[in-house]
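First the structure, in the form of structure tokens, and then the observations on it.
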2 protein chains.
Amino acid sequence: MYLGYDWQVLSSEQDAFRCMAPPPAPQTMKERILQTADKLFYLQGIRAIGVDTIAAEVGISKRTLYNHFPSKDALIAAYLERRFVAQRPSDKPPAEQILATFDSLERRFAAKDFRGCPFVNAVAELGPADRAVKKIAVAFKESRRLWFRDRLSELGVTDADALATQLVLLVDGSIAQDLVRDDPAMARAAKEAAKVLLRNAGVDVGGNDSAV
Amino acid sequence: MYLGYDWQVLSSEQDAFRCMAPPPAPQTMKERILQTADKLFYLQGIRAIGVDTIAAEVGISKRTLYNHFPSKDALIAAYLERRFVAQRPSDKPPAEQILATFDSLERRFAAKDFRGCPFVNAVAELGPADRAVKKIAVAFKESRRLWFRDRLSELGVTDADALATQLVLLVDGSIAQDLVRDDPAMARAAKEAAKVLLRNAGVDVGGNDSAV
DNA sequence: TTTTGGTTACACAGACCTGTGTACTTAGGC
DNA sequence: GCCTAAGTACACAGGTCTGTGTAACCAAAA
């Protein structure tokens, strides 16, 4: 669901390119700063990381950082905007796409550097006063919900809207649970629940193991 | 699910006692500090609030605060431990208890001072390094899951364990969604999804509106 | 009355934070 | 060679933070 901060991961979610040597320094300074800020903000918390730390990690002076971003707030906003990437279109059948979401989630949970949803974390950390952060977080959550809704509509589900909301609850619930428990099984549990909900809405999700 | 920081709310979830006048100062100094710390930590964030702010809000000197808590970390731990209150036993049938959880959640969402789950927020804010915080957060989440599991066992559900996990996903998912969207409808959506999951497990939850 | 325990007021150390100012260097384009 | 743009090094202002040290105060117990 969330693309990684690493450029390699960002360039392609497939593992095929993962080991390709990156061109020495093809990135702009702004992008280099954002990559480092992303890593530190996400893994350690926005409030926990100072601009000095980011500049030092990039290997630049603090002055240079402030030449590219007018303030830390601007850097935070850019960090979140960069995290907000659209989901790639897929040829697979919609039901498969929906369920694949949870598999992808499980893979992310298994990675040692998964630390929950950056948008939820930012809202939790920065408080309700920070309207800019809240706005982008809402937009992100809604975009994910609409993605589910569109897949469900393709499947001819009657109340795609309501079911889409229920599915994002499972997604965010498993993220929150994994954040505190470090247990990728939460993604599998979410997937099983999603299957029940889908089946209940008349969607064929294969292998009807659990009968009523 | 989470009892409020307010002593009145803490003393009883029912509204009956809400307007009872509190005894002028029956509380110990420690409790007064914890009440204020709870309010500020929860509403504005642990990192956002300094000990000076807490002391000033209580109306005591910072020295007094440090005479009761050796460090801010100790205060944070006490804050979370105080939030970790057991669920009251109930006479109502288990299925009703389970669904009532989501109604209670919806009421909390509607309150303007709801700011998500304090345990999840603390983990998100303080990072994975803070083992003490993580430990109590895990314990809390598991206690809630076990509560669901026990109710499901009473209902004779076969795989109570797995279903309990799915239900806490809905709870935490709705909390996370409400945190960013401020939309109590998330609790209703979670309740509807819970009904489907329960029904699928053979539990009678009344009004079988949505057919397979 | 004296003692004792909790409290207050206040200063302060030492660290960290964001953001700015300034003078120097370095590399590329003209 | 010269000019410009970008980056560097570094100091610093002004603020916040946690935590401590100290002397005075006050009320209740002995």
Side-chain angles (χ1 to χ4, degrees), chain A residues 23-81 121-122 124-127 129-133, chain B residues 23-81 121-122 124-127 129-133:
Chain A
Q27 320 147 44
T28 69
M29 178 64 78
K30 212 162 186 161
E31 180 59 18
R32 281 173 60 202
I33 295 169
L34 277 174
Q35 273 176 30
T36 303
D38 184 289
K39 178 172 71 176
L40 297 175
F41 280 162
Y42 179 65
L43 289 181
Q44 296 184 232
I46 294 171
R47 277 208 150 100
I49 294 296
V51 287
D52 300 81
T53 309
I54 296 170
E57 179 84 5
V58 180
I60 60 173
S61 69
K62 190 166 55 165
R63 206 69 190 83
T64 301
L65 190 150
Y66 273 104
N67 283 343
H68 287 274
F69 298 93
S71 66
K72 189 186 178 183
D73 277 357
L75 184 56
I76 295 168
Y79 151 61
L80 290 176
E81 273 152 27
N121 291 359
E125 207 174 340
L126 270 19
D130 200 325
R131 312 266 265 100
V133 164
Chain B
Q27 321 145 43
T28 69
M29 177 65 78
K30 212 161 185 162
E31 180 58 19
R32 281 174 60 202
I33 295 170
L34 278 174
Q35 274 177 31
T36 303
D38 184 288
K39 178 173 70 176
L40 296 175
F41 280 162
Y42 179 65
L43 289 182
Q44 296 184 233
I46 293 171
R47 277 209 152 100
I49 293 296
V51 287
D52 300 81
T53 309
I54 296 171
E57 179 84 4
V58 181
I60 60 174
S61 68
K62 189 167 55 166
R63 206 72 192 80
T64 301
L65 191 150
Y66 272 105
N67 284 343
H68 287 275
F69 298 93
S71 65
K72 189 186 178 183
D73 278 356
L75 184 56
I76 294 168
Y79 151 61
L80 290 177
E81 273 153 27
N121 291 359
E125 208 174 340
L126 270 19
D130 200 325
R131 313 263 264 100
V133 164

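Just so it is clear, the structure is predicted and the values come from calculations on it, not from any experiment. Just so we're on the same page: letters track the sequence lines, and every chain starts at 1.
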## Note on the structure
In this structure, CG of A/D130 is separated from CD of A/E125 (nearest 0.5 Å) by 10.5 Å

### Message
Would you compute the distance between atom CG of A/N121 and atom CG of B/N121 and round it to the nearest 0.5 angstrom?
### Response
9.0 Å

#### Entry: Where A/A55 and A/L65 come nearest, the two heavy atoms and their spacing
N-CD1, 4.0 Å

### Message
From CD1 of A/I54 over to C1' of C/dC17, roughly how many Å is that when rounded to an integer?
### Response
12 Å

### Task
Go through the steps for B/L126 and B/R47 under the test side chain to side chain contact (heavy atoms under 4.5 Å, CB included), then give the verdict.
CA-CA 8 Å; B/L126 270 19; B/R47 277 209 152 100; 4.1 Å; yes

### Pairs where residues 59-74 of chain B contributes a residue and the test salt bridge (Lys or Arg N to Asp or Glu O under 4.0 Å) is met, not counting sequence neighbours
B/D52-B/K62

### Evaluation steps, side chain to side chain contact (heavy atoms under 4.5 Å, CB included), between B/I60 and B/I33
CA-CA 9 Å; B/I60 60 174; B/I33 295 170; 3.8 Å; yes

### Task
Starting from the C-alpha separation in whole Å, work towards a yes-or-no answer on side chain to side chain contact (heavy atoms under 4.5 Å, CB included) for A/L80 and A/V133.
CA-CA 8 Å; A/L80 290 176; A/V133 164; 3.9 Å; yes

## Note on the structure
note: B/D52, atom CG; C/dC10, atom P; distance rounded to Å ~ 14 Å

### Query
Counting only non-hydrogen atoms, which of residues 61-70 of chain B are less than 4.0 Å from DNA chain D?
B/K62, B/R63, B/Y66

### Summary
salt bridge (Lys or Arg N to Asp or Glu O under 4.0 Å) filter on B/E57, not counting sequence neighbours, yields B/K39

#### Entry: Nucleotide interval of DNA chain D bounded by contacts with chain A (heavy-atom cut-off, under 4.0 Å)
D/dG7 to D/dA9

### Task
Starting at atom CD1 of A/I49, determine the distance to atom P of C/dC17, rounded to an integer number of angstrom.
8 Å

### Task
Give the rounded distance in Å between these two atoms: CD1 of A/I46 and C1' of C/dT18.
16 Å

### Query
Using rotation axes that map the C1' atoms of four end pairs onto the next four (five pairs an end), what angle separates the end axes of the helix from C/dT1-D/dA30 to C/dC30-D/dG1, to 10°?
10°

### Summary
Here the ring-ring contact (aromatic ring centres under 6.0 Å, His included) pairs for residues 59-79 of chain B, sequence neighbours left out, are B/F41-B/Y79

### Task
Compare all side-chain heavy atoms of A/L75 with those of A/I54 and state whether any distance is below 4.5 angstrom.
yes

